[in-house]
Engineer: 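One structure, as structure tokens, below. Some questions next.
Any value given below was found using the heavy atoms of this structure, including those in side chains, with hydrogens, waters and symmetry copies removed. Read the numbers this way: they start at 1 and go in the same order the structure lists the ligands and their atoms.
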Amino acid sequence: MNAPAPSETLRELLQGQGPLLFLTGAGVSAESGLATFRGPGGHWEGRNPMELATPEAFASDPLTVWRFYAWRREQAAAAAPNPAHLAIASFQRAREDAALVTQNVDGLHERAGSRRVVRLHGSLWRLRCMRDGEETDDTRADLGPLPPRCACGALLRPGVVWFGEPLPEDALAEATSAARAARVVVVAGTSSLVYPAAGLPRIASDAGAFVVEVNPEPTPLSDLADERIEGPAGVVLPRLVEAAGIPTGRTA
Ligand code: BV8
């Protein structure tokens with residue numbers, strides 16, 4: 001699919017000094033074959049997020065919620081990072097000051113080689129004990145009988161942030177300071193509907209950042225963005241790597 005090239009202004013900014021911030025959503029994993037939430041075929045099509053992604057839903061029907069998240073884990077495990085994830089990892093390898101803040105929980109940024117990932121909404125690959133809140137990494141392909149239980153006997157829940165739950169304080173603080181410091185913010189693959197994540201580009205813009213939106217569709221962010229590049233992240237982000245003068249060999 002074709003997509004417009006980055007503007008001359010953006011090319012100069014990408015080649016210049018000053019921290020970069022990438023803010024990503026489910027759309028950057030679409031080209032890895034993972035469903036988004038709100039697009040056609042999205043998770044919320046024919047499903048009520050309030051019945052799958054809230055603590056109340058989990059309290060009343062942990063099995064149904066776990067069937068959804070166990071399926072999400074299977075899908076994510078079977079997916080591979082796509083050129084969008086790889087391009088951001090290339091920026092982070094080439095530029096110490098390239099920050100990545102993601103709403104995604106699939107782990108594909110980490111598998112693409114990104115070392116510094118601020119996860120605003122947690123991870124499919126972390127489980128939390130409902131008794132003591134202890135979180136552990138768990139990448140098992142098969143969780144065994146659902147819902148999974150902790151060694152202490154209590155229920156385990158997915159280590160993700162559900163609606164009505166606060167974001168991890170440290171992640172939100174780190175994301176907010178990255179937004180305040182950024183010279184350029186690239187917002188890719190998000191419908192910019194879910195707060196407080198969706199408020200970060202405004203914070204960056206108010207602090208003087210140049211905001212770029214990479215999305216095939218317009219969103220509530222589009223009017224705020226200084227530049228919109230309408231196209232799939234897997235096509236556009238590698239072009240930003242080249243525009244920044246990062247040797248493309250490194251996007252491998
Ligand atoms: C909080 C779980 C406070 C993890 C998710 C009114 C009523 C009720 C609540 C609220 C309200 N107003 C504000 C709120 C708060 C609420 C909220 O914002 N609701 C919205 C819907 C109005 N927010 C919260 O509840 C947050 N917590 O506020 O707590 C608090 C404080 C203190 C104490 C107590 C409480 C928690 C938010 C986190 C919710 N968790 N999911 C999981 O299962 O993954 S939300 C879910 O949506 C995901 O986390 C996801 O990250 C998030 C955003 O979705 P996107 O990533 O943007 O994906 P989407 O499908 O929407 O869009 C994809 C985009 O990609 C599209 O634009 C598409 O065009 C584009 N695209 C497609 N293909 C491509 C592409 N782009 C590029 N390339 C492609 N190839």
Engineer: Using links of under 4.5 Å between side-chain heavy atoms of ILVMFWY residues, direct or through other members, which residues join Val101 in one cluster?
Structural biologist: Leu21, Leu23, Val118, Leu120, Val161, Leu167, Leu172, Val185, Val187, Leu200, Ile203, Val211, Leu221, Leu224

Engineer: In this structure, which one of Asp138, Asp106, Asp142 forms a side chain to side chain donor-acceptor pair (under 3.5 Å) with Arg73?
Structural biologist: Asp138

Engineer: Run through all N or O atoms in ligand 1 and write down each protein N or O closer than 3.5 Å, as a pair with its distance.
Structural biologist:
from, atom 1, to, atom 2, distance (Å)
ligand 1, 18 (O), Tyr195, N, 2.7
ligand 1, 18 (O), Tyr195, O, 3.4
ligand 1, 23 (N), Tyr195, O, 2.9
ligand 1, 25 (O), Gly164, N, 2.7
ligand 1, 27 (N), Glu165, O, 2.7
ligand 1, 29 (O), Glu165, O, 3.1
ligand 1, 40 (N), Val161, O, 2.8
ligand 1, 43 (O), Tyr69, OH, 2.7
ligand 1, 43 (O), Arg72, NH1, 3.0
ligand 1, 44 (O), Arg72, NH2, 2.9
ligand 1, 47 (O), Arg38, NH1, 3.2
ligand 1, 47 (O), Arg38, NH2, 3.2
ligand 1, 49 (O), His121, ND1, 2.8
ligand 1, 51 (O), Gln103, O, 3.3
ligand 1, 51 (O), His121, ND1, 3.3
ligand 1, 54 (O), Arg38, NH1, 2.8
ligand 1, 56 (O), Ala26, N, 2.8
ligand 1, 57 (O), Thr190, OG1, 2.7
ligand 1, 57 (O), Ser191, N, 2.9
ligand 1, 57 (O), Ser191, OG, 3.3
ligand 1, 60 (O), Phe37, N, 2.6
ligand 1, 60 (O), Arg38, N, 2.8
ligand 1, 61 (O), Arg38, NH1, 2.6
ligand 1, 61 (O), Ser191, OG, 2.6
ligand 1, 62 (O), Ser191, N, 3.4
ligand 1, 65 (O), Gly189, O, 3.3
ligand 1, 67 (O), Asn215, ND2, 2.8
ligand 1, 69 (O), Asn215, OD1, 2.7
ligand 1, 78 (N), Ala233, N, 2.9
ligand 1, 80 (N), Glu31, OE1, 2.9

Engineer: Assess the side chains of Thr102 and His121: does a donor N or O sit below 3.5 Å from an acceptor N or O?
Structural biologist: no

Engineer: Within the structure provided, determine whether His85 and Ser32 are in side-chain contact (heavy-atom separation under 4.5 Å).
Structural biologist: yes

Engineer: Does the cation-pi check pass for Arg149 over Trp66, that is, NZ or CZ under 6.0 Å from the six-membered ring centre and within 45° of its axis?
Structural biologist: no

Engineer: Is there side-chain contact between Ile229 and Leu10, with heavy atoms separated by less than 4.5 Å?
Structural biologist: yes

